[in-house]
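Each remark here refers to the structure printed beneath this line.
The structure presented is a predicted model; accordingly, all values stated were derived computationally and were not measured. Chain identifiers are assigned alphabetically (A, B, ...) following the order of the sequence lines, protein sequences preceding nucleic acid strands; residue numbering begins at 1 within each chain.
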There are 4 protein chains.
Amino acid sequence: MNEDKKVKEKILEKSIKAFLSKGFRGTTTKEITSAAGVAKGTLYWHFKSKDEILDAILEKFLKEFVGGISDTVTNSSENFVGKFKAFFKFGSEFSRDNLELMLVYQTLLGEIVGSKSKAEMKMKVIQNRYDHLVQTLLDEGKKEGVISEDVDTYIHARIMTAALIGSYLQWYLNAGSYDSEYVRLYAMTIRKTLLKWVGVEIDR
Amino acid sequence: MNEDKKVKEKILEKSIKAFLSKGFRGTTTKEITSAAGVAKGTLYWHFKSKDEILDAILEKFLKEFVGGISDTVTNSSENFVGKFKAFFKFGSEFSRDNLELMLVYQTLLGEIVGSKSKAEMKMKVIQNRYDHLVQTLLDEGKKEGVISEDVDTYIHARIMTAALIGSYLQWYLNAGSYDSEYVRLYAMTIRKTLLKWVGVEIDR
Amino acid sequence: MNEDKKVKEKILEKSIKAFLSKGFRGTTTKEITSAAGVAKGTLYWHFKSKDEILDAILEKFLKEFVGGISDTVTNSSENFVGKFKAFFKFGSEFSRDNLELMLVYQTLLGEIVGSKSKAEMKMKVIQNRYDHLVQTLLDEGKKEGVISEDVDTYIHARIMTAALIGSYLQWYLNAGSYDSEYVRLYAMTIRKTLLKWVGVEIDR
Amino acid sequence: MNEDKKVKEKILEKSIKAFLSKGFRGTTTKEITSAAGVAKGTLYWHFKSKDEILDAILEKFLKEFVGGISDTVTNSSENFVGKFKAFFKFGSEFSRDNLELMLVYQTLLGEIVGSKSKAEMKMKVIQNRYDHLVQTLLDEGKKEGVISEDVDTYIHARIMTAALIGSYLQWYLNAGSYDSEYVRLYAMTIRKTLLKWVGVEIDR
DNA sequence: GATGAATGAGCATTCATTCAT
DNA sequence: TATGAATGAATGCTCATTCAT
């Protein structure tokens, strides 16, 4: 039904907001249901457990963000620079439109890493998929001669990801609110910088 | 007394280990005391609360790492490149010798950010102190003409920090264990890369 | 719902019994829930805290006893002696029907007095309301010329209350069980005596 | 030793103060030792347990107050009115000089009654001894013809005690501080009233 | 006599989850 | 589908008591 989806979606949305500011373990099901305006039982009708909400969030991130950015790059018929621009464009726009989803993911990383849970497993999958995408992209740049031979694409792919992960945390820690001008400036700068890393001068 | 310090230190050490793998909220006082081989009450003799353990960890990080790296840079009489090398050397060596302390900090970031707690306050202080140090360093490079005029040191300082934060999380997520060759390789690569960002060719 | 009231009422009832014999601080929530035949969590579904149970008991005492006896006296259109009889009748019957409620109040007095808690505040309200009622009653007797001019109604009202408070403790200490003939005898004697204090010969 | 007595006495004194405002169970040994300026272990060197402090307080009350007032009455060679005056004089002066000891006793009554503890046993002994003393006194008044035949001395002795117990609680609840003029006025009034109860006009 | 670090049973409270309605 | 009262294991923390120094 349509109503169903709305309720489930609302629970998910409020969960993301809550996890964002209090962490996964720090958020109670009561807080989620209160925010969503439903009863406790309703949450458990839509999700088997609190862990399943976490799983749904990661699934959403995997499908919408990683899947989306992967499709964008894969389906592009352009060369490395074109693909890289598309890659960045998708990331920027997705972050702008789904900032909270981006943020929870980064925020939950530290809390879940090392927990040996199903969620950690999923995070590794996500991370690997993303890293692999970037590495493949960099390799293509290498093949085209745009990126010099001595760049270790494996490491550089991971550094790029790291810089992005860390940046979300930084924004959040510094800004508190996250839709500031600072964020936009940061994003632009990091894009250029990341390319400079690998020796590509873009935008000129 | 000497014994006293040892017990308190042991609790702190085991807390770091535990927070690292299960997060702050995910770690119980029982787990900490069991690991430290002391009774529940002993923890509360040395610390007023679980929160105070967290505070002690952040304090340790602030004093030993941020304080140490700050002193290193401030006390150096070298030019930008020399200072930057010293900055990196301290960071690398400290990470090697106190890897868990470095990791908990990064790991706890996401869990604490947004919590409006005393710990978040302290994290902001730490972050600002560190960012400011890096920015000042980059500014010096600019004055010396090593870094080009159009580099926004405010942003770049924060990107550097972000890359480092993110890298710790990545190592931890990927490696599980953290004293691998990969970590060393990563550290070296990131050092060069960070300098390339700001337009400096080092090591040659 | 009806069921709801029953469970909450049962917890309250068992709390009264428990506080009566072990004091407030000496009673554990385990004891209350075991006696009420509910799980630990159920207590906290109906009451926010153990303190709130205490508050509910005092509220009950204030509403049912002090409110009731106040209404009885206020609504009576009789003269002083008639009102005093009604006052005593209500007190005796209420004590007979709600002996435990009367007893906990007196029993908790000493434990709570001086604690600077919300409960102590409420006790002061109760005490003042009750003392004021008695004083007003005695003042009426004075106006009617039944009580002599030189009686300090302020002090006498408080002595009356004191005698009653003390008597409940005495019964409880001496009798252990509290529905004895002794109690009835004591009550009758104290009634006459209290009137003799203020110079009124009743019952003849 | 002399020093020993001083320390033990100080612990006792601070315990009385503490029990008075927070009750027996509400007072921690830490609070007592902090107030007394000694270490935790010192308390346990002088007293076997916290309960033993309570016992020492009751013992002190029994010996100094009940014993004292009993001796006063017994050793007096006067008639009923003279003895009654002496009885009241001792009580008033003792209360004035040892107000806190008087107050703890009354304050602890409700907390301990019904606890089936050793302390409750002792309280019963104290209460009986005191009640018996008063009753014997009233009986003597009866024999002298000062108190009318139809006065039930058993009940009246207990009412007198009750009025006194209750009065201490009232003072404490109303006044907060307890060395006010009000207390003195109260005491004088109750003395006259108690005698009027049994039909004796004193002081004129 | 005195100290205070260490102990661990016990406490009030929380919270994910269940289930009858 | 939705509710919310009920559950009870688990948690952070307290505190009387012990004991090596």
Side-chain angles (χ1 to χ4, degrees), chain A residues 1 3-4 6-8 11 25-34 36-53, chain B residues 1 3-8 11 25-33 36-53, chain C residues 1 3-8 11 25-34 36-53, chain D residues 1 3-4 6-8 25-34 36-53:
Chain A
M1 229 167 291
E3 262 311 295
D4 178 23
K6 262 190 211 146
V7 171
K8 189 165 185 177
I11 292 171
R25 278 186 259 240
T27 298
T28 68
T29 53
K30 182 98 227 333
E31 284 166 346
I32 296 170
T33 52
S34 289
V38 297
K40 220 106 175 274
T42 307
L43 188 154
Y44 282 87
W45 196 90
H46 290 286
F47 298 92
K48 250 207 315 260
S49 68
K50 196 182 162 192
D51 280 282
E52 210 181 62
I53 299 181
Chain B
M1 232 165 289
E3 264 308 297
D4 178 22
K5 192 144 203 176
K6 263 190 211 147
V7 172
K8 189 166 185 176
I11 293 171
R25 278 185 258 242
T27 298
T28 68
T29 53
K30 182 102 217 348
E31 284 166 348
I32 296 170
T33 52
V38 296
K40 219 98 174 283
T42 306
L43 187 155
Y44 286 89
W45 175 262
H46 292 285
F47 299 92
K48 257 206 304 269
S49 66
K50 197 183 160 192
D51 279 281
E52 210 181 61
I53 300 180
Chain C
M1 235 166 285
E3 264 310 296
D4 178 21
K5 192 144 203 179
K6 264 192 211 144
V7 172
K8 188 167 185 176
I11 292 171
R25 279 186 259 240
T27 298
T28 67
T29 54
K30 182 104 218 345
E31 284 165 347
I32 295 170
T33 52
S34 291
V38 298
K40 219 99 173 284
T42 307
L43 188 155
Y44 285 89
W45 175 261
H46 292 285
F47 299 92
K48 257 207 300 270
S49 67
K50 198 183 159 192
D51 279 281
E52 210 183 61
I53 299 181
Chain D
M1 230 166 291
E3 261 310 296
D4 178 20
K6 264 193 209 141
V7 171
K8 189 167 185 176
R25 277 185 259 241
T27 299
T28 67
T29 54
K30 183 98 227 329
E31 283 165 346
I32 296 170
T33 52
S34 290
V38 297
K40 219 98 174 281
T42 308
L43 187 154
Y44 283 87
W45 195 91
H46 290 287
F47 298 92
K48 252 206 313 260
S49 68
K50 197 184 164 193
D51 280 283
E52 210 181 62
I53 300 181

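Taking side-chain N and O atoms only, D:T29 has a distance below 4.0 Å to OP1 or OP2 of F:dA16. Between D:K30 and F:dC15, a side-chain N or O to OP1/OP2 separation shorter than 4.0 Å is absent.
Looking only at distances, no side-chain donor or acceptor of A:E52 sits under 3.5 Å from a matching main-chain atom of A:S49. Side chain of A:K8 to backbone of A:L43: no donor-acceptor contact under 3.5 angstrom is found. In this structure a side-chain-to-backbone donor-acceptor pair under 3.5 Å is present from D:K50 to D:T27.
Taking atom C1' in both F:dT21 and E:dG1, the straight-line distance is 13 Å, to the nearest Å.
Distance, B:L43 CG to E:dG8 P: 14 Å, rounded to whole Å. For the pair C:K8 NZ and F:dG4 P, the interatomic distance rounds to 16 Å; values are reported in whole Å. As rounded to whole Å, 10 Å separates atom P of F:dG12 from atom CD1 of B:I53. For the pair D:K6 NZ and E:dA2 C1', the interatomic distance rounds to 17 Å; values are reported in whole Å. Per the geometry, NE2 belonging to C:H46 stands 4 Å off P belonging to F:dA6, to the nearest Å. Straight-line distance from the CD1 atom of D:I32 to the P atom of F:dT17: 11 Å, rounded to whole Å. Atom CZ of C:F47 and atom P of F:dA6 are 12 Å apart (whole Å).
Note that CD1 of A:I32 is 13.0 Å distant from OG1 of A:T42, once rounded to the nearest 0.5 Å. A distance of 10.5 Å separates OH of C:Y44 from CD1 of C:I11, quoted to the nearest 0.5 Å.
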Close N/O contacts between protein and nucleotides 18-21 of chain F (under 3.5 Å):
none

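Stem regions annotated for DNA chain E: E:2-21 with F:2-21, counting only runs of 3 or more consecutive pairs of Watson-Crick or G-U type with both contacts under 3.5 Å.
Nearest-nucleotide positions on DNA chain F place C:T42 closer to the 5' end than the other of B:D51 and C:T42. Residue whose closest nucleotide on DNA chain E sits further toward the 5' end, between C:K50 and A:T27: C:K50.
With E:dT3, F:dA2, E:dA12 as the candidates, the nucleotide lying closest to the side chain of A:W45 is F:dA2. Closest to the side chain of D:A39, from the set F:dT7, E:dG4, F:dG12, is E:dG4. In this structure, of F:dA2, F:dT3, F:dT11, it is F:dT3 that holds the atom nearest to the side chain of A:V38.
The minimum heavy-atom distance between B:T33 and B:K40, with the atom names listed, is CG2-CA, 3.9 Å.
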